[in-house]
Structures are given as structure tokens and as C-alpha cells.
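We name chains A, B, ... by the order of the sequence lines, and we start the count at 1 in each one. Atoms considered below: every heavy atom in the structure, side chains included; atoms not considered: hydrogens, waters and symmetry mates.
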Amino acid sequence: AQSVTQPDIHITVSEGASLELRCNYSYGATPYLFWYVQSPGQGLQLLLKYFSGDTLVQGIKGFEAEFKRSQSSFNLRKPSVHWSDAAEYFCAVAPNQAGTALIFGKGTTLSVSS
Amino acid sequence: GAGVSQSPSNKVTEKGKDVELRCDPISGHTALYWYRQSLGQGLEFLIYFQGNSAPDKSGLPSDRFSAERTGGSVSTLTIQRTQQEDSAVYLCASSLNSHRGEGYTFGSGTRLTVV
């Protein structure tokens with residue numbers, strides 16, 4: 001069965017420092033992968049997605065993610081974190097059957113220190 | 001509307017009572033999803049509607065949970081005889097279609113507290 005693992009429950013990064021959030025997936029074929037962000041009291045917002053082509057994908061708010069098939073990973077990165085980036089981040093995979101719902105990881109909470 | 005709208009935003013109910021949570025998806029979106037978010041548990045899939053097809057109810061945790069979608073638009077999630085473990089944020093999302101690469105647009109959720 002497909003699954004998504006986010007190994008880090010909580011990460012704290014200094015403002016201006018770089019960020020990498022880890023995501024590993026379990027999947028037998030070409031995965032469709034997503035990153036979402038959830039600010040406090042809000043729904044989830046799509047940051048970026050990957051399903052083919054260039055393995056480095058750019059998203060909104062200055063985020064990018066790199067798909068590495070050999071490592072079954074889709075890590076989210078940002079070169080310089082802003083205090084407004086403090087939120088919860090979710091990685092998700094679309095199952096191989098069309099018309100089935102996204103499977104989400106348990107999320108990583110990002111805190112930004114000044 | 002411009003986004004996915006959920007109501008109420010907060011609901012406090014007594015154990016044993018029934019509750020109804022409403023989701024109004026983006027106009028024209030054929031797919032609608034319900035998820036439950038509990039602290040530290042991520043998003044748990046509940047149910048999925050696609051057009052006029054039979055819904056995928058595989059995520060509903062018990063027969064106390066049900067959902068319907070009227071006219072291919074508004075959806076209502078009903079929880080009967082609520083229990084304290086039902087306390088969570090219930091998120092609704094919609095997408096233009098059910099293509100695997102289609103991202104979802106989420107509502108802000110309904111925070112349900114069962115006392």
C-alpha cells in the first residue's frame with residue numbers, strides 16, 4: 001500500500017536560515033507527489049506538486065522540492081526562511097488508482113526563531 | 001464561490017448528540033473530499049465524491065458517520081451519537097476532477113468538540 005512518512009514532527013529554524021523538510025514515500029510506480037502548508041486556523045494550501053519531468057519543482061512562496069527516485073524522497077526546501085513560514089507542512093501522494101483520495105503524511109511543524 | 005466554504009467553523013456538542021457539518025465546494029469542481037485532522041495524526045481520509053459516481057466511503061471510521069452530496073455541489077457530513085473521540089478538525093476539499101495530478105483546494109475546516 002502507498003504511504004508517506006515525514007520523519008520530523010517538529011523543526012525549529014532561525015529566520016534567514018535554510019530549510020529542508022523531509023518526505024519519504026512508499027510507491028511502486030511513478031508517484032504523484034504534493035506538498036501542502038497549513039497556517040494556524042487555516043485549511044491546507046498547495047505549495048507545489050510533481051508527477052513528471054524535471055525532478056526539481058518550484059512552488060509558491062519561494063519553496064522548491066526535489067524528487068529523488070533512488071531515495072524515495074521528495075524533500076521540501078527554502079533557501080531563506082521568513083517568520084511567516086511558521087506553519088505545519090504536509091507531504092502527500094496520489095494513489096495509483098485514478099479517482100482515489102490523496103494520502104497524507106502526519107505533518108511537520110515548523111517554528112521560526114528570531 | 002472563490003474558495004471552499006465550511007460551516008460552522010466551530011461546533012461544541014454534547015456526547016450522544018448528532019451533528020451536521022457543511023461543505024460548499026468551488027463551483028464547477030466535480031470531486032469533493034472529507035478528511036479528519038486530529039492532533040499529531042495528520043489527515044485521515046473519510047469519504048470522496050466524484051460527480052454522479054457512488055462515493056468512496058472506505059475511510060469512514062464507523063457507521064455513525066455518513067455523508068451526502070446534493071446536486072453535485074454542497075456536501076453534508078453527519079456524525080450520529082457523537083463520542084469524545086470524534087473531537088477533531090473536519091476538513092473538506094474539492095478539485096476540478098479526479099485526475100491524479102489535480103491538487104485540492106481546502107476549506108478552513110470545522111473544529112468539532114464533543115463534551
Side-chain angles (χ1 to χ4, degrees), chain A residues 1-10 21 23 25 27-53 57 59-60 63 65 67 74 87-109, chain B residues 1-7 9-10 21 23-26 30-60 67 75 89-111:
Chain A
Q2 297 94 11
S3 65
V4 175
T5 302
Q6 295 180 248
D8 304 305
I9 297 173
H10 186 213
L21 301 181
C23 172
Y25 64 90
Y27 200 81
T30 301
Y32 285 53
L33 295 160
F34 304 78
W35 274 101
Y36 285 83
V37 60
Q38 184 181 34
S39 298
Q42 301 297 312
L44 280 71
Q45 180 183 21
L46 179 65
L47 284 175
L48 48 79
K49 61 183 178 180
Y50 168 82
F51 48 91
S52 66
V57 293
I60 62 171
F63 285 92
F67 170 64
F74 187 56
E88 190 160 17
Y89 292 79
F90 292 91
C91 183
V93 64
N96 57 359
Q97 305 97 325
T100 51
L102 291 181
I103 298 170
F104 286 83
K106 295 194 175 185
T108 297
T109 300
Chain B
V4 177
S5 178
Q6 291 188 247
S7 61
S9 55
N10 281 282
L21 312 180
C23 173
D24 202 339
I26 292 174
T30 63
L32 186 148
Y33 312 82
W34 282 98
Y35 285 83
R36 178 168 68 177
Q37 184 177 22
S38 305
L39 194 62
Q41 295 302 309
L43 274 73
E44 174 189 7
F45 165 72
L46 296 176
I47 189 169
Y48 155 58
F49 296 89
Q50 170 56 50
N52 295 321
S53 301
D56 176 358
K57 304 180 182 180
S58 60
L60 294 178
S75 177
V89 175
Y90 290 81
L91 291 168
C92 175
S94 69
S95 62
L96 185 61
N97 53 52
S98 61
H99 184 268
R100 289 177 64 212
E102 191 71 33
Y104 297 177
T105 302
F106 280 84
S108 297
T110 294
R111 181 175 297 278

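In this structure, chain B has a heavy atom under 4.5 Å from the side chain of A/Glu88, while its backbone stays farther away. For B/Gln6, no part lies under 4.5 angstrom from a heavy atom of chain A. Using a 4.5 Å cut-off between heavy atoms, A/Tyr50 makes no contact with chain B at all. In this structure, the portion of B/Leu91 lying under 4.5 Å from any heavy atom of chain A is its side chain and not its backbone. Interface residue B/Tyr35: only side-chain heavy atoms are found under 4.5 Å from chain A. Heavy atoms of A/Leu33 lying under 4.5 Å from chain B are absent altogether.
Of the inter-residue distances, the one linking A/Leu44 atom CG with B/Leu43 atom CG reads 5.5 Å to the nearest 0.5 angstrom.
Legend: salt bridge (Lys or Arg N to Asp or Glu O under 4.0 Å) pairs involving residues 38-53 of chain B, not counting sequence neighbours, sorted by first then second residue: B/Arg36-B/Glu44.
Residues satisfying the ring-ring contact (aromatic ring centres under 6.0 Å, His included) criterion with A/Phe90, sequence neighbours excluded, are absent altogether.
Annotation for A/Lys106 and A/Gln6: closest pair N-OE1, 3.8 Å, computed over non-hydrogen atoms.
For A/Tyr36 and A/Phe104, the ring centers are positioned less than 6.0 Å apart.
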